[in-house]
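This report refers to the structure that appears directly beneath it.
Per chain, numbering begins at 1; letters A, B, ... match sequence-line order.
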Amino acid sequence: MKLYNTMTRRIEEFVPIVPAHVSMYCCGPTVYNYAHIGNLRTYIFEDILKRTLERAGYTVRHVMNITDVGHLTGDGDDGEDKMEKSARETGKSVWDIAAFYTKAFFRDEEALNIIRPDVVCKATDHIQDMIALIKRLEDGGHTYTSGGNVYFSIDSIPDYGKLARLNLSDLKSGARIEVDSNKKNPKDFVLWFTNSKFQGQAMTWDSPWGVGYPGWHIECSAMSMKYLGEHFDIHCGGIDAIPVHHTNEIAQSEAATGKTWVNYWCHGEFLLMGNAKMSKSSGSFVTLPVLEEAGYNALDYRYFCLTGHYRSQLRFSYEALDAARSARQSLMEKISALKSEATESKDPGEGAKAYMTAFDEAMENDLGAPQALSVLWKMIKDSTLSSSDKLAAAYHMDAILGLRLSEAESRKEETVGSADDLRLLAERTAAKKAKDFKRADEIRDELKKRGYNVKDTPSGAILERIV
RNA sequence: GGUGCGAUACCCAAGUGGCCUAAGGGGGCGGUCUGCAAAACCGCUUUUCAUCGGUUCGAAUCCGAUUCGCACCUCCA
């Protein structure tokens, strides 16, 4: 299994800390709003990574956090809590907001056939773990208190910014924002707030430094170490997390333990909307339910994501999504036909196995999903393979692709349409036989109005729901 | 101002020194089948990889310049 590691900027052979086992932490959603399809692209990438690791023979322990304490918005470390803002705008409590959007998030994940992580941990359930970690940093001399807040001092460690390859002297902190005057170094960041210029925070906890709430980065360090240990294999997220969030996570985690924290850093690229990235803060964004209401299946979006490499920007457009939908529907149609032709389930023959191997090789080479998908199509169209072999190979591939191919309806079992619809269909068949084509076409039009296409297959006419 | 990344045929998108006269999908066109359609199947849409120059026996792939686009240095997947 080969993976691109952001830390080394190279594709490396993956070597786990514990043989045959992978510990993987993924930055989860901040639940103050719906996830948009750009967010979801990253979770699809992580799901594909996990499935591929399992195919490669590893047992994966997958941990994801839910940021329900809210990251801040606006200027520097002293902004307004997004959850507070959302709560104020909707008139609900911050706890209600978090619960509502957490539920919505997992509904989207389910629709996209993303396997639920082994551990899903909420920040608000782990405040004591964060406090303990901050205490440890304080004892190690990595913190200072200023203006009521506890800061992490980046000058207390030798290699701050190594993931992002930040050149500290060239950075213009404050080029776009005002620097917090309490900071000794502009890149220092808050571990614990007791002093916010926004009063009336609903979420506060007691701590050795006073009543307040944790900074943005400490939750991922505290929870990942709690569930995966102080040294684990893979940490995932979106590329935007590299220069600040992951950089600070590394700083505080390695300062606390004094050793390497994570071996492999994997980042998913952005989904572009037109020519710009999709973002929550810009106000307008597309969610999965928006696509579903427009008549797309969530899996059309999953397929769309698979057509591009996870480390390349992918441009979203409805034209591209239409293409993905056509391709996926055609694939389901072919699987459906194979299901009715396949005779017995046995070990696939050599020809099919060659495709399966090519598929796995593409996936295990830094997740070459687009190439893997092309292997699937070539296999499907290979006339030298039996239907049984094709079906077995397709299922093997779908264990990673996650397109729910096995749920394609078999033509044999297909019973689309009500009794009345089927009676009409039979009447059309009779009319055709009697060469009453006028009547036959009338019935076909009527069925179309009812939402079905009529398909004349070698084994007789069938109905297909118009999507 | 600094730092990364990208530009591939009608569209999306792989490929990163010879197996590339560029995978796969979508769309379009033509054909087979059909009473006609739809579906299915077959073929075409492809000597071409932003531009210019260089390295090399050989470049979409490496180097340099140019143009355009994106991202990050503020929260963001």
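Residues passing the salt bridge (charged side-chain N to carboxylate O under 4.0 Å, His left out) test with A:R107, sequence neighbours excluded: A:E292. Residues meeting the salt bridge (charged side-chain N to carboxylate O under 4.0 Å, His left out) test with A:R302, sequence neighbours left out: A:D47. Here A:Y227 pairs with A:H126 under the side-chain hydrogen bond (donor to acceptor under 3.5 Å, both in side chains) rule; sequence neighbours left out.
Here the P atom of nucleotide B:C75 and the CG atom of A:N33 are 18 Å apart, to the nearest Å.
Each of B:U74, B:G25, B:C72 was ranked by its minimum atom distance to the side chain of A:W377; first place goes to B:G25.
Formation of a donor-acceptor pair under 3.5 Å by the A:N39 side chain with backbone atoms of A:H36 is found in this model.
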Pairing string, 5' to 3', for RNA chain B - Watson-Crick or wobble contacts under 3.5 Å, brackets [ ] where pairs cross, | to another strand: ((((((((.[[[..)..(.....]]]((((((.......))))))....[[[[[..)....]]]]])))))))....
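By the neighbour-count criterion of 12 heavy atoms within 6.0 Å, atom NZ of A:K353 is densely surrounded, having more than that number from other residues, nucleotides or ligands.
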Reading 5' to 3' through nucleotides 5-15 of chain B, protein heavy-atom contacts under 4.0 Å coded B for base, S for sugar-phosphate only, - for none: -------SSSS
Report, one pair per line, the protein and nucleotides 31-35 of chain B atoms (nitrogen or oxygen only) whose separation is under 3.5 Å.
{"residue": "B:G35", "atom": "N1", "partner": "A:D441", "partner atom": "OD1", "Å": "3.0"}
{"residue": "B:G35", "atom": "N2", "partner": "A:D441", "partner atom": "OD2", "Å": "2.8"}

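Contact annotation: A:K381 side-chain N/O to B:A23 OP1/OP2 distance is not under 4.0 Å.
Across all strands shown, A:V244 has heavy atoms under 4.0 Å from sugar-phosphate atoms exclusively, and none from any base.
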